[in-house]
There are 2 protein chains.
Amino acid sequence: MQTLTRNQQIVFDIINKSSEPLKAYTILSNVQKKGIKAPPQVYRALDKLIEMGKIHKIESKNAFVACQNSNCKVSKAAAFSICESCEEVTEIDNSKISKYLSSFADKIGMKYKKYNLEFFGLCKKCK
Amino acid sequence: MQTLTRNQQIVFDIINKSSEPLKAYTILSNVQKKGIKAPPQVYRALDKLIEMGKIHKIESKNAFVACQNSNCKVSKAAAFSICESCEEVTEIDNSKISKYLSSFADKIGMKYKKYNLEFFGLCKKCK
DNA sequence: TACATAATGTTATTTTATAACAATAAACTT
DNA sequence: AAGTTTATTGTTATAAAATAACATTATGTA
Ligand SMILES: [Zn+2]
Ligand SMILES: [Zn+2]
Ligand SMILES: [Zn+2]
Ligand SMILES: [Zn+2]
């Protein structure tokens, strides 16, 4: 369990508290009072947090969420459902999907490292 | 089979000829001789082509590829393998994955519309 | 033709991300 | 502890990706 540096902790905290995916510049404007003043400081922290598996990037939204699973300690795989109505993003417990997809990768001859899966549609509430 | 407008055809042709995913501004610089001069013209064509299912966006790369499957005429689902060594991107024939994932979406109570799946690792050649 | 709709052209701006380099801080080595 | 290396931080400037806003032209259709 790697310990976070100052900036990493600040950035992680704000993502972790948020109920929705946060964009890099939203994060920036929310941490300026804490002394983080420029984009590279945010992006560096984000990069490291992703490496550690503490957060994930939602590629289709250029936004970042805290990992909601205990089992993706290293960011090998992530799967999200994204509601197109309320914009809610939920990380899917991905152990089953992971198994299925890594066996699939085998089949097509690929040496699998990680994947990113984004589901779009309507969530329980909105459908 | 929808017919393409002038700009859509120009943009599609260059993506379709390419052996690798193309970025919007790469496309732009390659079609300026054909009279497409500004980013919005490219992005509009890209948007429509995506709607039609003729191309897909590789979200993790901000790049665009022609659809390699005959069966995703409407861009409901797309799955790609991306080699981290040679950067090769291949669209996976996704009928099986589609079936699996849409049943999974059912299970978590989501009204599924589409998904985007990106596999990272090493391709046959590079592994 | 007259009207509506879709596509295009154009300029400017916004949003997202990184390059490059200087300054500190933390971690090792002797 | 002093010296050396490595990681992290700070800062300025810039690059890359995408869109807003509005004017113009083409296309369909009543
Ligand atoms: Zn996770
Ligand atoms: Zn919803
Ligand atoms: Zn396709
Ligand atoms: Zn390869």
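The shown structure was predicted, so the numbers you read here are calculated from the model rather than taken from an experiment. Per chain, numbering begins at 1; letters A, B, ... match sequence-line order.
- The main-chain N or O of B:Cys67 is never found under 3.5 Å from a side-chain atom of B:Glu91 such that the two would form a donor-acceptor pair.
- Of the options B:Val31, B:Asn30, B:Val42, a side-chain contact (heavy atoms from CB on, under 4.5 Å) to B:Ile10 is made by B:Val31 and by none of the others.
- Side-chain atoms of A:Lys54 never come within 3.5 Å of backbone atoms of A:Asn16 as a donor-acceptor pair (strictly under, hydrogens ignored).
- B:Glu118 places a side-chain N or O within donor-acceptor distance of the main-chain N or O of B:Ser60, the cut-off being under 3.5 Å.
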Contact letters for nucleotides 6-17 of chain C, in which S counts primed atoms plus P, OP1 and OP2 and B counts the base, heavy atoms under 4.0 Å: -SBBBB----BB

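- Note that B:Lys113 lies outside the cation-pi zone of A:Phe120, set by a 6.0 Å cut-off to the ring centre and a 45° limit from the axis.
- Using a distance-only test at 3.5 Å, with no hydrogens or angles considered, no donor-acceptor pair links the side chain of B:Gln9 to the main chain of B:Arg6.
- Close approach of DNA chain D to chain B, defined as any atom under 4.0 Å from a non-hydrogen atom of the protein, starts and stops at D:dA17 to D:dA21.
- Under the ring-ring contact (aromatic ring centres under 6.0 Å, His included) criterion, the residue pairs touching residues 87-111 of chain B are A:Tyr100-B:Tyr100, with sequence neighbours excluded.
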